[in-house]
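So the structure is just underneath, and the comments pick up after that.
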Amino acid sequence: MPDRAPRRLALGGPGPVRALAAGALALTALTACSAGEGTGRQLNVFAAASLTDVFTDLAEEFEDRHPRTEVVLNFAGSSDLAVQINSGAPADVFAAADTATMDRVVEGEGLDADWSAEHGERGVVFATNTLRIAVPPGNPAGIGELADLAGEGATVAFCAEEVPCGAATAEALGEAGLEITPDTYEENVRAVLTKVELGEVDAGLVYATDVVSAGERVEGVEFAEAGAAVNEYPVGVVSTTSDAGLAADWVELVRSGTGAKALDEAGFSAVGVGGHSSAHEQT
């Protein structure tokens, strides 16, 4: 995929792909109406915050393949996105960071009936992700394993328990037999990563993909208990879509060889049609 200029976070300005703040749903609905007038089609993709880098790049690819199409990206914690969708937000596609959160949408607004008949009513899993301990460069607190986060004087950031990264954190701590109250709970994994990048905490539990995306701004520490908390990422076409064919094309791009390559490079493990294995797919 060719190098491109950094993407801007914008709600209504010029430029092909727009990334939406989680709280801007009212503006999303308004811009969706104006965008459809004489400018082609619009695709609203709601995706877990940990997918920000991959989906932003894939949106460029998608627009290249679909002239006169605008991809609008809404990144937030998966549980927040599920609430938005079940409250009537204009989503065409939903990609969650765990299957439990996708199930909330399936049981709420539901997935598109025709798409589900072919691919499965719970969506399809396209990637997996595992936890890492993120620490500032040089690891000044000397964090080497999960138990070190319970050490006296260590300042720690976790995801809130209601979002997938928080649920995975709880599973990993349970596997290790640890009870740790962090100094701060954050609303999504990118917020935890930011705390570490800014040096506001000694460590934070994030995904392996976040360590990759941060580059030299953080270091990643692997730990054995992460294997007990592997997150499966499902994607599906939402029943409220205004263009099921276009939404299905997005899902196919994510699951294609192009999508798998982008996911693997970002630190995910791609599964499905273009990935390493289809064993995790929901049927």
Side-chain angles (χ1 to χ4, degrees), residues 7 9 17 19-25 43-59 71-86 89 91-106 108-109 111 122-132 134 158-171 185-194 204-214 229-238 247 250-251 253-255 259 262-264 266-272 275 280 282:
R7 308 304 294 275
L9 296 180
V17 178
L20 301 182
L25 292 176
L43 182 71
N44 296 322
V45 177
F46 284 42
S50 49
L51 290 164
T52 298
D53 296 333
V54 172
F55 273 26
T56 300
D57 287 342
L58 288 179
V71 178
V72 178
L73 299 166
N74 182 12
F75 298 112
S78 295
S79 58
D80 288 339
L81 295 174
V83 170
Q84 293 173 23
I85 293 170
N86 287 338
D92 295 301
V93 175
F94 180 42
D98 67 356
T99 55
T101 307
M102 175 62 82
D103 287 345
R104 296 179 206 168
V105 170
V106 170
E109 282 293 341
L111 299 184
R122 298 178 62 205
V124 290
V125 172
F126 65 95
T128 61
N129 208 352
T130 55
L131 292 175
R132 293 285 186 275
F158 289 166
C159 290
E161 291 184 2
E162 61 266 22
V163 298
C165 62
T169 294
E171 288 185 39
Y185 283 106
E186 300 298 323
E187 63 182 11
N188 61 60
V189 72
R190 286 303 173 102
V192 174
L193 183 65
T194 298
L205 278 179
V206 301
Y207 294 122
T209 52
D210 298 300
V211 173
V212 172
S213 71
V230 176
N231 280 46
E232 294 183 331
Y233 282 57
V235 63
V237 176
V238 183
W250 172 270
V251 175
L253 174 61
V254 171
R255 302 178 69 223
L263 288 161
D264 287 338
F268 291 93
S269 178
V271 299
H280 296 281
Q282 301 290 317

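- Separation of atoms CZ (Phe46) and CG (Asn74) is listed at 4.5 Å; rounding is to 0.5 Å.
- Here Glu162 contributes atom CD and Tyr185 contributes atom OH; the two are 10.0 Å apart, rounded to the nearest 0.5 Å.
- Contact record, Ala48 with Ala96: CB-C, 4.3 Å, taken as the closest heavy-atom pair.
- No donor-acceptor pair under 3.5 Å is formed between the side chain of Asn86 and the backbone N or O of Val83.
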Criterion side chain to side chain contact (heavy atoms under 4.5 Å, CB included) on Arg190 and Ser213, from CA distance to verdict:
CA-CA 10 Å; Arg190 286 303 173 102; Ser213 71; 3.7 Å; yes
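- Considering only residues two or more places apart in sequence or on other chains, Asp98 meets the side-chain hydrogen bond (donor to acceptor under 3.5 Å, both in side chains) condition with Thr101.
- The CD atom of Glu109 sits 8.5 Å away from atom CD1 of Ile85, with the distance rounded to the nearest 0.5 Å.
- Contact record, Ala168 with Asn231: CB-OD1, 3.3 Å, taken as the closest heavy-atom pair.
- The two residues Val237 and Val251 come nearest to each other via the heavy atoms CG2-CG2, 4.1 Å.
- The heavy-atom pair separating Val125 from Glu232 by the smallest distance is CG1-CB, 3.9 Å.
- For the pair Val93 and Val235, the minimum side-chain heavy-atom distance is below 4.5 Å.
- Taken from CG in Leu58 to CG in Leu263, the straight-line distance is 7.0 Å, to the nearest 0.5 Å.
- Residue Val54 comes nearest to Ala266 through the heavy atom pair CG2-CB, 3.3 Å, listed as atom of the first residue, atom of the second, then distance.
- Interatomic distance, OG1 of Thr99 versus CZ of Arg104, reported as 10.5 Å (0.5 Å rounding).
- Qualifying side chain to side chain contact (heavy atoms under 4.5 Å, CB included) partners for Ala191, counting only residues two or more places apart in sequence or in other chains: Glu186, Asn188.
- Take Thr169 and apply the side chain to side chain contact (heavy atoms under 4.5 Å, CB included) test, not counting sequence neighbours, and it matches Leu131, Phe158, Leu173, Leu205.
- Side-chain contact between Val45 and Val72: absent, with no pair of heavy atoms (C-beta onward) separated by less than 4.5 Å.
- Evaluation of the side chain to side chain contact (heavy atoms under 4.5 Å, CB included) rule for Val163 yields Ser79, Cys159, Cys165 as partners, not counting sequence neighbours.
- Tyr233 is linked by a side-chain hydrogen bond (donor to acceptor under 3.5 Å, both in side chains) to Ser50, Asn129, counting only residues two or more places apart in sequence or in another chain.
- Side-chain contact between Phe75 and Phe55: present, with at least one pair of heavy atoms (C-beta onward) separated by less than 4.5 Å.
- For the ring pair (Phe, Tyr, Trp, His ring centres under 6.0 Å) test, no residue two or more places apart in sequence or in another chain qualifies with Phe94.
- No side-chain donor-acceptor contact under 3.5 Å links Asp57 to the backbone of Ala262.
- Listed here is the closest heavy atom pair of Met102 and Arg122: CG-O, 3.4 Å.
- The side chain to side chain contact (heavy atoms under 4.5 Å, CB included) search around Val230 returns Thr128, Thr130, not counting sequence neighbours.
- In this structure the side chain of Asp92 never reaches within 4.5 angstrom of the side chain of Trp250, judged on heavy atoms.
- Residues Val71 and Leu73 form a side-chain contact, since some pair of their non-hydrogen atoms from C-beta on lies under 4.5 Å apart.
- Checked against salt bridge (Lys or Arg N to Asp or Glu O under 4.0 Å), Arg132 has the following partners two or more places apart in sequence or in another chain: Glu222.
- One distance of note links CG of Leu51 with CZ of Phe268; it measures 4.5 Å at 0.5 Å rounding.
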